[in-house]
Asker: 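Handing you a structure now.
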There are 2 protein chains.
Amino acid sequence: MKKVKLSDIAKMAGVSSITVSRALSTPEKVKADTCEKIQKIAQELGYIPNLMAKGLKSRSNTIGVIVPTIINPFFASAVKSIIRSANKTGYNCLFFTSDESQKIEQNAVNTLISYNIDGIIIAVISEDENYTPAYFSTLEKLHVPVVLLDRHIEAPHICGVYLDNVDSGYKLGKEVLLNNYQRVLIVSGSANSKVANSRLAGLKMAAEETHSNTIIDVIKADFNTQLAKELVQDYLSQHKPDAIIGLNNQITLGALEASVSHHYQLGADIHFYSIDEITTAKHFGISIPCIRHDVEEFGYHAVTQLIRAIESEQCDKLSDIIIRGTVVK
Amino acid sequence: MKKVKLSDIAKMAGVSSITVSRALSTPEKVKADTCEKIQKIAQELGYIPNLMAKGLKSRSNTIGVIVPTIINPFFASAVKSIIRSANKTGYNCLFFTSDESQKIEQNAVNTLISYNIDGIIIAVISEDENYTPAYFSTLEKLHVPVVLLDRHIEAPHICGVYLDNVDSGYKLGKEVLLNNYQRVLIVSGSANSKVANSRLAGLKMAAEETHSNTIIDVIKADFNTQLAKELVQDYLSQHKPDAIIGLNNQITLGALEASVSHHYQLGADIHFYSIDEITTAKHFGISIPCIRHDVEEFGYHAVTQLIRAIESEQCDKLSDIIIRGTVVK
DNA sequence: TTGAAAGCGCTAACAG
DNA sequence: CTGTTAGCGCTTTCAA
């Protein structure tokens, strides 16, 4: 059986296709009882509109979402909340992962353009402050609005939804320093990650303000588990900190694993703190005080900003939104 | 700036659009140097094909993927491997989550049909053996091939990629029974979940074969964390098992948490076993022997089967694929 | 309130 | 090897 199309319904209802089109998408433009009849027939035939045909003529009502990976629960939840927000507003989402590869990221953007998406929400691949991928100029030329997620890029006309990283660092620092630990290890992201550096700056602010005698060591790793684990293992063979602060969830996981391999008892010999929640910690009975961000909020703002940009056709005037986290013990 | 289209390239190259179309998608049908020239121009102009227009005429080369949630790492990895396999074969993926809701699932299917997808890979919302959603008949009528993922549904013409659940239960059972525990608790999925029941059957087979004196208790929960946690908490206030077997990763997490709340030391007072890997366990230094399934394999087969169905246009003749797990300590 | 015509960008079918 | 024609299903524009 072929797909039911507008003209099939039109034939049955004894009207033209355009009337059917109107009855289904702008019912106020069609006489009430015609409208009702058409909708009933559409229902019965199980009509499903062809977005390909629609998107060829008009806006697709679809937004593209790209994140580096869904294995990281932070992005998984962000995606979930974005999809939910978008659907509520009548937009579909096409979702891609860039898999930490610049090439795949570029492809994903191209594919989204291929699908005539109305706008893009993207968490770019790199934390590097100087990462400026080629596709930004393409998107700008095509007037496709972009909302950056979490990772900032220097581009004057692009708005974003970010975390208040300095604040996160500061709050977590205050929390840690309450304990008068002798030695604390901070495991940061890469040296040219703006996110990592801001979080670090916040921590340092807290430390300076507190005038504590705690010895604070800093390791620069990156935002993945593996490197953090290795570097913390090295560190632990020389020092024994009372607490370790991971500047994102992946780092904290790496630090935990390193500590386990040195036979420390988690949460007793060494206490852990994290920016980003370690959602599985509670299952293992380990308490990891953290900065939790309201991810629903995150998705909501990203979608709202994007849709405003789409519907006002002013990609370039929207402000950034900064989301502040809260300490959770 | 408007999007570059075939006719723009055609004009510049002094040929017709159809030649450009051929040069870009079936270059062997165009004279070599014309072809080269066209490709160069396309490159320079940054041509990105319009899939909406293409999909209107011909196959979209896009497959739809629906899973209940990406918060569950099993599905997250499955999606990842599906996307990777599909891209390798020249297919795009449109990805949706059904968020454990029948309505959202139905919508997702409709949206996919709207996008003219060539086929669908779906892990259905429910474990219930008798769940038969309405969209299956729609998809059948439209000749859209479907490959089921993980969760089986009784529909003669639909093939799937499943885990060998009996085998998983059996292998894990053997592993557990090596230890001569006095009392073991099995936390299963819901009573009418085929997956859960098969795993349970496998465990029982192992137990019968072993003639051990181990007392085996069974709790029927469901495949989510919360209920498992609550039921195990109740159980633990009456009995103290030496080991707990979770029949999927979410259940095991719930069981862990319940045990923590009863102040048992994980992996010492109570040992844990799981079907599906608990990927985070290693970060916490807890060893949870499990049945691990090769998720790459899973994605690969799902995509391969689907594409065979699409390209042969015989949706109904493909066999099921059963993936067997391995014990990982 | 409804309809007819035209066209979105691309490609299948057929000619040349 | 290349071009012409036509049409995919829908909506915009203009007219009735």
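Keep in mind that this is a model prediction, so the values were computed, not measured. Chain identifiers are assigned alphabetically (A, B, ...) following the order of the sequence lines, protein sequences preceding nucleic acid strands; residue numbering begins at 1 within each chain.
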Asker: Over all heavy atoms of both residues, which pair between A/Ala108 and A/Ile66 is shortest? Give the atoms and the distance, please.
Answerer: CB-CD1, 3.7 Å
Asker: Could you give the CG-to-C1' distance, from A/Asn116 to D/dT11, as a whole number of Å?
Answerer: 14 Å
Asker: Flag the pair A/Phe74 / A/Phe298 as yes when their ring centroid distance falls below 6.0 Å, and as no otherwise.
Answerer: yes
Asker: Between atom CD1 of B/Ile38 and atom CD1 of B/Ile9, what is the distance when rounded to the nearest 0.5 Å?
Answerer: 8.5 Å
Asker: Distance only, no hydrogens: is a donor on one side chain within 3.5 Å (strictly under) of an acceptor on the other, for B/Tyr91 and B/Ser85?
Answerer: no
Asker: Could you give the CG-to-C1' distance, from A/Asp8 to D/dG9, as a whole number of Å?
Answerer: 11 Å
Asker: Would you mind telling me which of B/Leu112, B/Asn107, B/Ile113 makes a side-chain contact (heavy atoms from CB on, under 4.5 Å) with B/Val109?
Answerer: B/Ile113
Asker: When the distance from CD1 of B/Ile113 to P of D/dC10 is rounded to whole Å, what number comes out?
Answerer: 14 Å
Asker: Any Lys/Arg nitrogen of A/Asp99 or B/Lys80 sitting under 4.0 Å from an Asp/Glu carboxylate oxygen of the other?
Answerer: yes
Asker: How long is the span from the CZ atom in A/Phe96 to the OG1 atom in A/Thr111, to the nearest 0.5 Å?
Answerer: 5.0 Å
Asker: Please report, rounded to the nearest Å, how far the P atom of D/dT2 is from the CD atom of B/Glu28.
Answerer: 13 Å
Asker: Could you check whether A/His152 and A/Tyr162 have their ring centres less than 6.0 Å apart?
Answerer: yes
Asker: So for the helix from C/dT1-D/dA16 to C/dG16-D/dC1, with five pairs setting each end axis, what is the inter-axis angle to 10°?
Answerer: 30°
Asker: Strictly under 4.0 angstrom, non-hydrogen atoms only: write out the protein contact profile of nucleotides 6-16 of chain C, one letter per nucleotide from the 5' end, B, S or -.
Answerer: -BBBBBB----
Asker: Is the shortest side-chain N/O distance from A/Ser16 to OP1 or OP2 of C/dT2 below 4.0 Å?
Answerer: no
